[in-house]
Amino acid sequence: MSPFPIVTLKTDFCVVGGGLSGLSAAVAAARRGTGVVLVQDRPMLGGNASSEVRMWICGAHGENMRETGIVEELELENQHRNPYKNYSIWDSVMLEIVKKEPNITLLLNTTCTDGRMEGNKLREISCWQMTTQKIFRIEAKLFADCSGDSVLAPVTGAPFRMGREGRSEYGESIAPEQADARTMGMSTMIVAREYPGERKFVAPSWARKVTKEDLKLRTPDMRNPGENFWYLELGGMRDAIGDTEEVRDELLKLAYGIWDYLKNDPEERDKNRNFDIDWIGILPGKRESRRYIGDYVMTQHDVSSGGRFDDIVAYGGWTMDDHHPGGFDAKDEPPTIFHPAPSPYGIPYRSLYSKTVENLFFAGRNISVTHTAMSSTRVMATCALLGQAVGNAAAIASREGLSPREVGKKRIRLLQENLMDDDCYLPGLRRRVSPLAMESRLESDMENAEAVRNGVDRPVGGAGNAAEGKAGSFLRYLLPAGREAGSVRLVFDSDLDRKTLPGEEAKLRRPMFHNLLLHREASYTPKTLVRDFDLIYKTAEGEKTIAVRGNYQRLVRVSLPGKASEVTLRILATHGEETARVFAFDVIEAE
Ligand SMILES: Cc1cc2nc3c(=O)[nH]c(=O)nc-3n(C[C@H](O)[C@H](O)[C@H](O)COP(=O)(O)OP(=O)(O)OC[C@H]3O[C@@H](n4cnc5c(N)ncnc54)[C@H](O)[C@@H]3O)c2cc1C
């Protein structure tokens, strides 16, 4: 008998790990009516994106390729609430989106330590909540491992891979000749703050001695908005899980060592005179460890050839950013090689559930990909899309009593439809516009009005895919006789390229700032977004108006109490740009 209280929870879907992939999986499933328990071992959500590690969210390169769905919702909320890009406020943005969902039970400070199988299914996991000294036993129909390190692999016996595949295994030209156990390393970040006057620094005796020679292929520069010391990287030649604590100690020695070099070396100290340490990460950010084996293992070829999968549920578009496993110790090698990748490339659903454990999904850096493919799929906006895909798949599986594999075989089109309805872009597919919108008469004084029901909710290729007009312009649906709308779904333009004036890149493009320079200007909600609009609709009792003011989101759903036979969207103002763009305007049949 345990001396600690045991709490038993039963749920549809249990997500282990609350990084951007786990958070997105939990929110997506909950919004589709699934009961979710989200277990996160840290006091906050976000994983490597949180204030504990401080990685900024990257994703697909290229024009209009920014990821939408939950990750864009989070980023727009952050632009609105956190113009100075404060990490504590960002933590609260991630916490809020989960806390708002009544279907999610969130367990913070709770570590999954074990589980119980029944045949090929995981039935229950056991967790320890540090702050309350309670044991949680969580029974679920479905599980998702979004822990990064794949804690449920040893628990379930699910097959996984750690290290790099040999070149001939999948015919990957950028893989090493022989398979090995090496991974990309871990890093600790430094946030530097600039002060009006000099700040001195005395190094601890245990700091590593860093020299100019160590930095010949690495260039610290606190004034560069892309600087966050990511190349302070170690541990790739060691056990990426078992040696984490020792690697953390080495990383701290290195962080203090480099700061000593920057502050006290005669060649460096003048330009860094007014900088001080604001924060040093004590929790190493981990790039790579166990990757599950699913029904499909995605490879370098799939990335390079654009990932044209029938079961596409997400996309990537970061380069294959393959860090040298020697990290900072390999001073004669560049810290990473950016092998080009097309943007976008598709990611298949079959890489998101276990080959052997019948009710186990995964999302994040641990999906079923080779090391080389993972060097691209691991960035956090991609991870968030993977999480949203898994959350939506879990909702279908739970409602229809299907296994993850059966969802792929029987309901893949529904899964893709639901994702596109949630504003996730699936390259090559067109969203099914609501039948009511297609059957209604559309009137408008905007240019290209028909684009609001063409099923593509962003510019693609040369096509803008948006109705365009100035403040005061309108779009109106006249519904067929006897039909009624109960809600509308709108997609506005959040400027997926986050176009900025010259010199403003750091303000809007980067989801977060890193080094804190003396002069920092506030960022802002993209100027293209529609801010104020009216929905004017006809009901049996007469005309009604819903006035929406201060909108700062891209995907907006509004219900129409009283049911409508005619619906007009009138644009009143954007956040600054003269022309408003509407990518989608769907009227949804009343129930
Ligand atoms: C130094 C560094 C720099 C990087 N640079 C970038 C970048 O600039 N942009 C970018 O987009 N990506 C970057 N990446 C990659 C990216 O951060 C990761 O690939 C991504 O965070 C993986 O997401 P995830 O949700 O799978 O894991 P994580 O973000 O690690 O989240 C997993 C969460 O699960 C929790 N967890 C683990 N075990 C358990 C358990 N047993 N029980 C409960 N919870 C558990 C963890 O504490 C963690 O919070 C970088 C990574 C590193 C390490």
Side-chain angles (χ1 to χ4, degrees), residues 14-26 37-60 67 71 91 94 106-115 125-130 136 138 144-155 183-190 226-236 240-241 244 247 251 281 283-292 316-318 321 323 327 335-336 362-367 369 374-387 390 510-512 514:
C14 175
V15 180
V16 177
L20 277 189
S21 53
L23 177 159
S24 302
V37 176
L38 173 58
V39 179
Q40 163 69 341
D41 64 357
R42 309 300 307 172
M44 60 191 67
L45 293 165
N48 283 355
S50 74
S51 66
E52 280 195 312
V53 182
R54 305 198 181 196
M55 288 320 313
W56 40 49
I57 300 171
C58 295
E67 294 75 3
V71 66
D91 286 337
M94 291 187 285
L106 172 64
L107 301 176
L108 291 174
N109 296 306
T110 305
T111 306
C112 169
T113 54
D114 203 354
I125 60 166
S126 311
C127 305
W128 168 251
Q129 191 169 54
M130 176 180 74
F136 283 86
I138 305 162
D145 188 336
C146 301
S147 68
D149 278 349
S150 305
V151 65
L152 294 179
V155 167
T183 61
M184 293 183 272
M186 303 169 217
S187 292
T188 196
M189 304 291 146
I190 303 173
E227 172 65 279
N228 62 5
F229 298 91
W230 58 271
Y231 45 81
L232 300 186
E233 177 171 357
L234 294 172
I241 293 175
T244 305
V247 174
L251 283 168
L283 180 71
K286 210 178 271 188
R287 287 187 179 80
E288 180 178 4
S289 56
R290 297 185 187 113
R291 301 184 305 279
Y292 279 103
W318 187 251
D321 174 6
H323 288 225
T336 191
F362 27 81
R365 66 176 165 86
N366 63 357
I367 63 167
V369 283
M374 183 271 183
S375 69
S376 171
T377 59
R378 68 196 171 90
V379 288
M380 288 184 283
T382 311
C383 288
L385 295 183
L386 297 169
V390 159
R510 294 203 168 271
M512 294 298 291
H514 203 80

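First listed ligand is number 1; within each ligand, the first listed atom is number 1.
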May I ask whether T110 has any heavy atom positioned less than 4.0 angstrom from an atom of ligand 1?
yes
Any heavy atom of N366 sitting closer than 4.0 Å to ligand 1?
no
At under 4.0 Å between heavy atoms, which part of R378 makes contact with ligand 1: side chain, backbone, both or neither?
both
Examine the proximity of ligand 1 to A49 and report which part, side chain or backbone, both or neither, has a heavy atom under 4.0 Å away.
neither
[X]-ligand 1 polar pair, N/O distance under 3.5 Å:
X: V16; answer: no
X: N48; answer: yes
X: W230; answer: no
X: G22; answer: no
X: R42; answer: no

Whether the [X] and [Y] side chains hold a donor-acceptor pair (N or O, under 3.5 Å, no angle test) is what I'd like checked.
X: D145; Y: S147; result: yes
X: R365; Y: S289; result: yes
X: R287; Y: S375; result: no

Any atoms of ligand 1 less than 4.0 Å from a non-hydrogen atom of [X]? List them with their elements.
X: S187; value: 1 (C)
X: G364; value: 26 (O)
X: C58; value: 7 (C), 8 (O), 9 (N), 10 (C), 11 (O)
X: M189; value: 1 (C)
X: C383; value: 22 (C), 23 (O)
X: M380; value: 10 (C), 11 (O), 12 (N), 16 (C), 17 (O), 20 (C), 21 (O)
X: T111; value: 41 (N), 42 (N)
X: V151; value: 41 (N)

Heavy-atom donor-acceptor pair, E233 side chain to G185 backbone, under 3.5 Å
yes
Under a 3.5 Å distance rule, please check whether T382 uses its side chain to pair with a backbone N or O of G59 as donor and acceptor.
no
Closest approach of any protein heavy atom to [atom], naming residue and atom:
atom: atom 7 (C) of ligand 1; value: W56 O, 3.3 Å
atom: atom 41 (N) of ligand 1; value: C112 O, 3.2 Å
atom: atom 49 (O) of ligand 1; value: Q40 NE2, 2.9 Å
atom: atom 37 (C) of ligand 1; value: S147 O, 3.3 Å
atom: atom 46 (C) of ligand 1; value: D41 OD1, 3.4 Å

Interatomic distance, CE@M130 vs OG1@T110, rounded to 0.5 Å, equals 8.5 Å
Working to the nearest 0.5 Å, report the span between CD1 of I138 and SG of C112.
7.5 Å
Out of [options], whose heavy atom is nearest to [atom]?
atom: atom 24 (P) of ligand 1; options: S21, G18, A25, S375; value: S21
atom: atom 2 (C) of ligand 1; options: M186, R287, M512; value: R287
atom: atom 6 (C) of ligand 1; options: K286, M55, E52, R54; value: M55

In terms of relative ring orientation, are F362 and Y292 parallel, tilted or perpendicular, with 30° and 60° separating the classes?
parallel
Can you find a pair of side-chain heavy atoms, one from L23 and one from V15, that are under 4.5 Å apart?
no
